[in-house]
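Presented below is the structure to which this report refers.
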Amino acid sequence: MSETPKAGPKAAPLTVTEVLSLPVSVDIVTAGRCFGIGRTKSHELARTGEFPCDVLRLGVKYRVTRAELLRVLGIETAAGERV
């Protein structure tokens, strides 16, 4: 009989390489991981307008663009340009 996996330790923040490889937009949980913020707190901050970067609300979902994450995190592109 298979058991349901238990919640593990909090997911580690994304590395710069992982952030650079993200798709054009990501869900609020993935965006939160870029800042070391967990799932529940990410949703709470997005809902109250206090998330560390601009958030797009699409219906009941929250999305964040990769460009916005790179800008706020101060990560430069491969061409050496800041976004």
Side-chain angles (χ1 to χ4, degrees):
M1 180 187 298
S2 168
E3 288 187 30
T4 305
K6 305 258 188 240
K10 183 176 167 184
L14 298 180
T15 65
V16 171
T17 302
E18 290 170 326
V19 174
L20 287 169
S21 68
L22 290 173
V24 173
S25 73
V26 296
D27 61 84
I28 197 69
V29 175
T30 302
R33 284 191 58 208
C34 294
F35 297 101
I37 302 170
R39 176 187 182 279
T40 303
K41 191 66 170 178
S42 292
H43 281 279
E44 177 187 323
L45 293 173
R47 202 171 34 256
T48 61
E50 298 177 25
F51 198 77
C53 66
D54 290 339
V55 174
L56 303 170
R57 178 143 187 196
L58 306 171
V60 295
K61 297 185 184 235
Y62 296 105
R63 302 289 290 181
V64 176
T65 64
R66 179 183 59 217
E68 177 66 3
L69 289 170
L70 295 174
R71 183 187 68 78
V72 172
L73 293 169
I75 298 173
E76 296 181 2
T77 64
E81 301 171 348
R82 283 188 86 156
V83 247

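Count residues from 1 along the sequence. No hydrogens, no waters, no symmetry mates; every other heavy atom, side chains included, goes into these values.
In this structure, L22 CG and L70 CG are separated by 8.0 Å, a value rounded to the nearest 0.5 Å. The line from NZ of K41 to CZ of F51 is 11.5 Å long, rounded to the nearest 0.5 Å. Rounded to the nearest 0.5 Å, atoms CG (L14) and SG (C34) are 4.5 Å apart. Atom-to-atom distance recorded for R71:CZ and E76:CD is 14.5 Å, nearest 0.5 angstrom. Here the CZ-CG distance, from F35 to L69, works out to 5.5 Å after rounding to the nearest 0.5 Å.
When every heavy atom of S42 is checked against every heavy atom of G32, the shortest pair comes out as OG-CA, 3.3 Å. The two residues E68 and C53 have their closest heavy-atom pair at OE2-CB, 3.5 Å. Nearest approach of V55 to A46, heavy atoms of both residues: CG1-CB, 4.4 Å. Counting all heavy atoms, side chain and backbone alike, R63 lies closest to L58 at CG-CD1, 3.5 Å.
When hydrophobic clusters are built by joining Ile, Leu, Val, Met, Phe, Trp and Tyr residues whose side-chain heavy atoms come closer than 4.5 Å, directly or via intermediates, L56 is not grouped with Y62.
Put simply, the side chain of V64 reaches to within 4.5 Å of the side chain of I28, judged on heavy atoms.
A salt bridge does not link R47 to E44: none of the charged nitrogens lies less than 4.0 Å from a carboxylate oxygen.
Take T40 and apply the side chain to side chain donor-acceptor pair (under 3.5 Å) test, not counting sequence neighbours, and it matches no residue. Qualifying side chain to side chain donor-acceptor pair (under 3.5 Å) partners for T30, counting only residues two or more places apart in sequence or in other chains: D27.
Remark: R39 CZ is loosely packed, at most 12 non-hydrogen atoms of other residues, nucleotides or ligands lying under 6.0 Å away.
Using modelled atom types, one side-chain atom of R33 and one backbone atom of A12 make a donor-acceptor pair closer than 3.5 Å.
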